[in-house]
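Working notes for the structure below.
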Amino acid sequence: MTRITIAKGDGIGPEIMDATLEIIKAAGAQLEIDEIEVGEKVYLAGNTSGISNESWDIIRKNKIFFKAPITTPQGGGYKSLNVTTRKFLGLYSNVRPCMSLHPFVSTKHPVMDIVIIRENEEDLYAGIEHQQTDEVVQCLKLISRPGCEKIVRYAFEYAKQQNRKRVTCFTKDNIMKQTDGLFHQVFDEIAKEYPEIENEHWIIDIGAAKMADTPEAFDVIVMPNLYGDVLSDVAAQITGSVGLAGSANIGEECAMFEAIHGSAPRRAGQNVANPSGLLQGAIMMLNHMGQTEVAEKVQNAWLKTLEDGIHTYDIFKEGVSKQKVGTKEFAAAVINNLNNKPTILKSVSYANNAALNLPKYQRKLAASKKLEGVDLFVHWAGTDPNELSKIISKIDSKDLKLTMITNRGIKVWPDGFKETFCTDHWRCRFKPSENHDINNSNIVELLNQAISQNIDVIKTENLYSFNGKPAFSLGQGQ
Ligand code: NAD
């Protein structure tokens, strides 16, 4: 018996949760269930995170959380329960299998069978945003080595367990050389530990285009958070329906399983929703708990039911489907098929699933870190970079000198183009005048000088080298 926490959610949530639980229990799932309330009611009762402290305690105790979709009320101020749960519980890995069910569910991509593994905690989703000037806001993109190592290792371990042949990495490291560069570098490092699995890297733009056009060329794809968020929906949609995909959010201690779709409020209470997405989440949960036989039985029964043409409205198609059914009738049909396997679609076997080998992250030896300069970000409403360079050069010291100004990343001084559009947000790069060492006091001095010259510095960013290698971006055009 495994004790899990469930939340039936909002909209169609309770109906698809009841149907799913009925199916997996009939298949022999050994579960004890604690139910909690999350979502709309909790939000509207004044809890902006959509979940109470008591519910957190239950989730943390049971460690496995099975969640139906929830409705986030309209209007500002409500925090996304999904994002909070992933981050609070350290659910670093989001696994989303996207498989075509041709010819039973119409799709332009009949042989697609990919799994998107998305980093789930960092990247632009750290949610660290600031307005800095009248014209410019920023969002910090944070990528960490532990974050990269954990997700990339997860992808290779998953591929190994599932007998998949290749892991592809998508990044934009031709532009983001530090952040996406680290993700790609860690991918290359960890790929070497799995010589039996092919590996490749694609720049995300052409990779995404290729995935949308020729998904059969891909197997497992691993990527940072934002790209994974977008592309996992694309991948699910092009299999034929987002209503058929589930997802797993896995951490070192806890895990959460769900459907990828929302609460479809307009379909609620009518016994029409397709429970398949949540059922797919349940199958991943059963595999995660080691109840692989039950997972296998349910997946094969589900495939057989789709093959029998017993379809809910969202995938029903004249000529292909045989019977249009509601949520309850679909569940009953799957239960009826529990001892059957599909004959045209490929049946699954999870019996030999080995456990994933996911050692805890080991912090590396600290590199030798050297201060190489500083970027002062300045709010200035003028337009001519040459004029700004004269103002800023006034704070040059014997230690630090202005060497470059950029605007939105592009070098505008020295030798800028007059065509370059400039906002009121300027990065002024200071480097040591000669090859002597500098420290933080030099930067404080520089800031004091800036104050005395009425220069509006809105932030500073230290420039470092690690083990002798510069670890900051150049100005574009530098
Ligand atoms: P949605 O996924 O709920 O619905 C999109 C479309 O797909 C609708 O036409 C809907 O009827 C259909 N659909 C979705 N699931 C279906 C199913 N199982 N069977 C049949 N048809 C299905 O997306 P939305 O309308 O943008 O969002 C509705 C609410 O869900 C919003 O409040 C949103 O915040 C929330 N949401 C929650 C989650 C989650 O809890 N994980 C995820 C996405 C959206």
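One-based numbering, in listed order, for ligands and for the atoms of each.
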Quick one: which residue pairs count as a side-chain hydrogen bond (donor to acceptor under 3.5 Å, both in side chains) with a foot in residues 98-108, not counting sequence neighbours?
-> S106-K317
Does R118 count as lying over the ring of Y125, i.e. NZ or CZ under 6.0 Å from the six-ring centre, within 45 degrees of the axis?
-> yes
Which residues share a salt bridge (charged side-chain N to carboxylate O under 4.0 Å, His left out) with E293, sequence neighbours left out | none
Would you check ligand 1 and list the protein residues that come within less than 4.0 Å of it by any heavy atom, ordered by chain and number?
-> I12, K67, P69, I70, T71, T72, N82, E258, H261, G262, S263, A264, P265, R267, A273, N274, Y313, D314
With a cut-off of 6.0 Å (strictly less than), are more than 12 heavy atoms of other residues, nucleotides or ligands near NZ of K141?
-> yes
What salt bridge (charged side-chain N to carboxylate O under 4.0 Å, His left out) pairs are there with at least one residue in residues 267-276, not counting sequence neighbours?
->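 Applying salt bridge (charged side-chain N to carboxylate O under 4.0 Å, His left out) to every pair that reaches into residues 267-276, excluding sequence neighbours, yields nothing.
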Are F183 and Y227 an aromatic pair by the rule of ring centers under 6.0 Å?
->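 For F183 and Y227, the ring centres are not under 6.0 Å apart.
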